[in-house]
Trainee: 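Questions regarding the structure given below will be posed in turn.
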Amino acid sequence: MRMKYIDSKKLSETQFKRYTGISWSTLYLMVEQLRKHILVKGRPPKLSIEDRILLCLSYWREYRTLFHVAISYGVSEPTASRIVRHVEDCLIKSNLFNLPKNLPEGEGIDWNVVIVDATEIPIQRPKKTEKKL
């Protein structure tokens, strides 16, 4: 089962960082940036801003499929996908959460790495045809 934001507030700084991969101050900064991009019109979202960020963090950190994350948070798979994309877009636009541009150099650092793209992409399957006997 998922850990709601309200439940995660009971965790210490060390436990929270172990659970999410970020500190409390980083979470609050993410919430602040996401609040700037919230639409007021329409039906209110099922998940709070904090829960949406926790959904994304669990997706990024645990490498679970969107289906499994959606089930854990009580939303549909397309909704989980929209939440992840929206949070990613907002955080990228803020320019506060970028990876470092200058990679460390020096003896003992080997930058020969393999990058695997594990992005989920919906596929189209061919329609089944009836076999004639």
Side-chain angles (χ1 to χ4, degrees):
M1 204 63 192
R2 73 181 167 110
M3 177 176 282
K4 291 184 177 180
Y5 171 69
I6 195 96
D7 299 327
S8 68
K9 290 170 80 172
K10 299 173 188 171
L11 299 175
S12 69
E13 177 74 29
T14 306
Q15 291 172 324
F16 184 75
K17 185 156 187 157
R18 200 169 154 204
Y19 176 67
T20 63
I22 63 170
S23 65
W24 281 109
S25 59
T26 304
L27 176 75
Y28 297 138
L29 188 58
M30 288 178 166
V31 169
E32 182 182 316
Q33 292 304 312
L34 204 57
R35 283 194 199 283
K36 294 178 182 179
H37 299 278
I38 296 299
L39 297 175
V40 181
K41 61 184 179 181
R43 191 176 80 202
K46 186 174 183 178
L47 298 176
S48 67
I49 292 174
E50 294 85 358
D51 282 336
R52 285 182 261 169
I53 292 173
L54 287 176
L55 180 147
C56 291
L57 291 171
S58 70
Y59 176 67
W60 296 330
R61 186 165 175 81
E62 299 169 14
Y63 301 108
R64 295 168 62 198
T65 65
L66 284 171
F67 174 77
H68 288 94
V69 172
I71 295 295
S72 296
Y73 279 82
V75 296
S76 67
E77 187 175 2
T79 299
S81 177
R82 279 194 301 275
I83 289 171
V84 169
R85 286 209 175 172
H86 177 72
V87 170
E88 285 174 349
D89 291 344
C90 292
L91 297 180
I92 289 169
K93 286 178 187 174
S94 74
N95 288 325
L96 296 173
F97 303 99
N98 296 328
L99 295 173
K101 303 276 188 253
N102 298 326
L103 298 175
E105 295 179 10
E107 194 172 312
I109 297 177
D110 183 16
W111 288 109
N112 294 322
V113 295
V114 175
I115 298 174
V116 177
D117 182 5
T119 306
E120 290 186 55
I121 299 173
I123 60 169
Q124 292 181 343
R125 298 189 178 184
K127 293 180 181 179
K128 291 185 179 180
T129 58
E130 294 181 25
K131 291 185 179 180
K132 294 181 181 178
L133 296 176

Trainee: Please report the shortest heavy-atom distance between Tyr59 and Thr65, naming the atom on each side.
Mentor: CE1-C, 4.3 Å
Trainee: Nearest 0.5 Å, please: how far is CZ in Phe16 from CG in Leu57?
Mentor: 7.0 Å
Trainee: Looking at every heavy atom in both Ala70 and Ala80, which two are closest together, and how far apart are they?
Mentor: CB-CB, 3.8 Å
Trainee: For Val69 and Ser58, which heavy atoms make the closest approach, and how far apart are they?
Mentor: CG1-OG, 4.0 Å
Trainee: Does the side chain of Tyr73 reach to within under 4.5 Å of the side chain of Thr79, using non-hydrogen atoms?
Mentor: no
Trainee: Looking at Phe67, I'd like to know if its CZ atom is crowded, meaning that more than 12 non-hydrogen atoms belonging to other residues, nucleotides or ligands lie closer than 6.0 Å.
Mentor: no
Trainee: Calculate, to the nearest 0.5 Å, the distance between atoms CD1 and CD belonging to Ile49 and Gln33 respectively.
Mentor: 11.5 Å
Trainee: Linking I/L/V/M/F/W/Y whenever any side-chain heavy atoms sit under 4.5 Å apart, do Ile38 and Val31 land together?
Mentor: yes
Trainee: How about NE2 on His37, more than 12 heavy atoms from neighbouring residues, nucleotides or ligands closer than 6.0 Å, or not?
Mentor: yes
Trainee: Taking the side chain from Ser81 and the backbone from Glu77, do they hold a donor-acceptor pair closer than 3.5 Å?
Mentor: no
Trainee: Just how far is it from atom CG of Leu47 to atom CG of Leu55, taken to the nearest 0.5 Å?
Mentor: 6.5 Å
Trainee: Enter the distance from Lys46:NZ to Asp51:CG here, rounded to the nearest 0.5 Å.
Mentor: 11.5 Å
Trainee: Got a second to check how far Arg61's CZ is from Cys56's SG, nearest 0.5 Å?
Mentor: 14.5 Å
Trainee: Going from CG on Leu29 to CD1 on Ile22, what distance comes out if it is rounded to the nearest 0.5 angstrom?
Mentor: 9.5 Å
Trainee: Are the side chains of Arg64 and Ser72 in contact, using a 4.5 Å heavy-atom criterion?
Mentor: yes
Trainee: Determine whether Leu27 and Thr20 make a side-chain contact, defined as any pair of heavy atoms from C-beta on separated by less than 4.5 Å.
Mentor: no
Trainee: Side chains of residues 87-96: which donor-acceptor partners sit under 3.5 Å, not counting sequence neighbours?
Mentor:
| from | atom 1 | to | atom 2 | distance (Å) |
| --- | --- | --- | --- | --- |
| Glu88 | OE2 | Trp60 | NE1 | 3.0 |
| Ser94 | OG | Leu91 | O | 2.7 |
| Ser94 | OG | Leu96 | N | 3.3 |

Trainee: So which atom in Gln15 and which in Leu11 form the shortest heavy-atom distance, rounded to 0.1 Å?
Mentor: OE1-CA, 3.6 Å
Trainee: Using the salt bridge (Lys or Arg N to Asp or Glu O under 4.0 Å) rule, collect all pairs that involve residues 31-42, keeping only residues at least two apart or in two chains.
Mentor: Arg35-Glu50
Trainee: Verify whether one side chain among Thr14 and Ser12 offers a donor that lies under 3.5 Å from an acceptor in the other.
Mentor: no
